[in-house]
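Order of the sequence lines fixes the chain letters, A, B, ..., with proteins taken first and strands second; residue numbering starts at 1 for each chain.
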Number of protein chains: 2
Amino acid sequence: MNVMPPSGPTAQVRDRLLDLIKSGDLGSDGKLPTERALSERFGVGRRFVRQALDALEAEGLVWRKQGKGTFAGQPLDPMGDLAAKITGETNALEVMEARLCIEPELAALCAQRMQPDEVARLRMLAQRQWEAEDAQAIELWDGSLHRLIAQCARNRPLLTAFSLLDKIRSNPDWVAIRAKGRDMASLQVTHNEHLALIDAIAAGHAHAARTAMRDHLETRFNALRGELETAAAEQGETFFAATSKT
Amino acid sequence: MNVMPPSGPTAQVRDRLLDLIKSGDLGSDGKLPTERALSERFGVGRRFVRQALDALEAEGLVWRKQGKGTFAGQPLDPMGDLAAKITGETNALEVMEARLCIEPELAALCAQRMQPDEVARLRMLAQRQWEAEDAQAIELWDGSLHRLIAQCARNRPLLTAFSLLDKIRSNPDWVAIRAKGRDMASLQVTHNEHLALIDAIAAGHAHAARTAMRDHLETRFNALRGELETAAAEQGETFFAATSKT
DNA sequence: ATTCTGTACCAATACAGGATTGGTTTGCCT
DNA sequence: AGGCAAACCAATCCTGTATTGGTACAGAAT
């Protein structure tokens, strides 16, 4: 999908859409107003809205599906019923452990297989996350960044394994726990770690990318552990600590 | 679910249900008539029908879901659907790459979480594989060994990711390619590698187990690469080389 | 004649309300 | 007290309509 950079009214619509995306007024699923609503709101034809959305979709900032709508970020991979089945049989620590196994390798492969425009897309997603104004937007852009890295690794089974974890983690109660573990200081750390990761990927250094992702996940793991211990102290063990049975 | 063997009317209902299941009159999804319909049809109370179905469910001959119905057989495995979908979108090299990511970590976790009787089971499986007399038996015992390691790692998401790879690899054409890459010398190497791996696990050395598994998989990867190059030279690229698209 | 724009149409998906189905409880009869 | 039918509840399905992105068509403007 090679889309010309927008000019004229389309460029203005694109910028206003970007403002809307940044504004934090979207729902937790990042759903944007419909094309028809946006065309009324901006006082332009629907075709201009579509062209602006074409551009944003090419930049990886929105995704669209006929009959469903237009959403900020990157979509979760369809998992069928599998993730729902597993969610009740695992816990946050196991998922984190699995992430530490899989995502550094995805980052390394991404560094090896990255295509030229994809680095810019990663940087833009990291910037969206840094500029995010509420917990929902942080979650949406952080998730989108990790998803794009996984896609750019170009290994379908590993992408699927990642997506399984992604889906499990999308459970609202799990999302809430993560949100509690974030403050300005941790967001700064995350942003720095994201940038270091993207720099390693951009330079094509697989080993550095692997290490950067591992460091980043370990930081998040420690924050999660802190939250889980706080939650456990407050109310005894909850579903986060479901025993894994094999 | 411990269900007493049925007696009296329940036993008769059970037998009639079994006849119905065997009759081939069910739809393609194996859906049985509703409990209410069966109770009318057999001229008994619904409770008898439920008891008979309880028994058949305990025997694995039917499955039930509230709001959906009662079905002959066992529910479809969500992983089967997903693996079938992924199989057409990946290739043997990607799967091998994914194994190199996931299985060393499973071996390390297994070394940390292994329970006392499990080492003996691993050794027995390795011995079975060494003694196997044909390609099918080799595949069976080798697979069982790797599966047990994955289970003993006690991480549900990683086990699921492993199982997905296992499922993809169970495709018969893929099995055949692997069989062609084996001879007495390679089986000896494999056996030695299995033993080294199990020794590391038994000793609880996570790092050594990780390295042993990685070494073993790299050996298999090289053999697979050899077979794929041979196959490619013989008939041009086949489905093993499906391009991964992201 | 070509390009632009609004409108119409199509394909994919969602949604709401009612129906259906398994799971459980209640109340009546023996 | 035990057994059974009826009632109730929770989960899922079904249907018709609405919605949404994707595309085509027709008319207006240049």
- [ ] Ignoring backbone atoms, establish whether Arg64(B) has a side-chain N or O less than 4.0 Å from OP1 or OP2 of dT21(C).
- [x] no
Open item on the list: Taking 4.0 Å as the cut-off, does a side-chain nitrogen or oxygen of Thr70(A) come that near to OP1 or OP2 on dG21(D)?
Closed with: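 Checking dG21(D) against Thr70(A), a side-chain N or O does come within under 4.0 Å of OP1 or OP2.
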Whole-Å distance separating the [atom1] atom of [X] from the [atom2] atom of [N]:
X: Leu38(B); N: dT20(C); atom1: CG; atom2: P; result: 16 Å
X: Phe42(B); N: dA5(D); atom1: CZ; atom2: C1'; result: 19 Å
X: Asp29(B); N: dT21(C); atom1: CG; atom2: P; result: 13 Å
X: Arg50(A); N: dT20(D); atom1: CZ; atom2: P; result: 14 Å
X: Gln51(B); N: dA5(D); atom1: CD; atom2: C1'; result: 14 Å
X: Asp54(A); N: dT23(D); atom1: CG; atom2: C1'; result: 12 Å

TODO: Could you verify whether a donor N or O on one side chain and an acceptor N or O on the other, from Thr160(B) and Arg156(B), lie under 3.5 Å apart?
DONE: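 Side chains of Thr160(B) and Arg156(B): pair found under 3.5 Å.
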Task: Residues Thr219(A) and Glu193(A): side-chain donor-acceptor under 3.5 angstrom - done: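 Result is yes, a qualifying pair exists.
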Open item on the list: Could you report the tightest heavy-atom contact between Val95(A) and Pro157(B), atom names first, then the distance?
Closed with: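 Where Val95(A) meets Pro157(B) most closely, the heavy atoms are CG2-CG, 3.9 Å.
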Task: Distance-minimising heavy-atom pair for Phe221(A) and Leu93(A) - done: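 Looks like CE2-CD2, 3.7 Å.
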TODO: Could you please spell out the steps behind the salt bridge (charged side-chain N to carboxylate O under 4.0 Å, His left out) verdict for Arg50(B) and Glu57(B)?
DONE: CA-CA 10 Å; Arg50(B) 289 191 55 75; Glu57(B) 194 175 22; over 6 Å; no
TODO: Could I get the full list of salt bridge (Lys or Arg N to Asp or Glu O under 4.0 Å) partners for Arg41(A), not counting sequence neighbours?
DONE: none
TODO: Report, as a single string ordered 5' to 3', how protein heavy atoms within less than 4.0 Å touch nucleotides 2-14 of chain C: B base, S sugar-phosphate only, - not at all.
DONE: ---BB-BB-BBBS
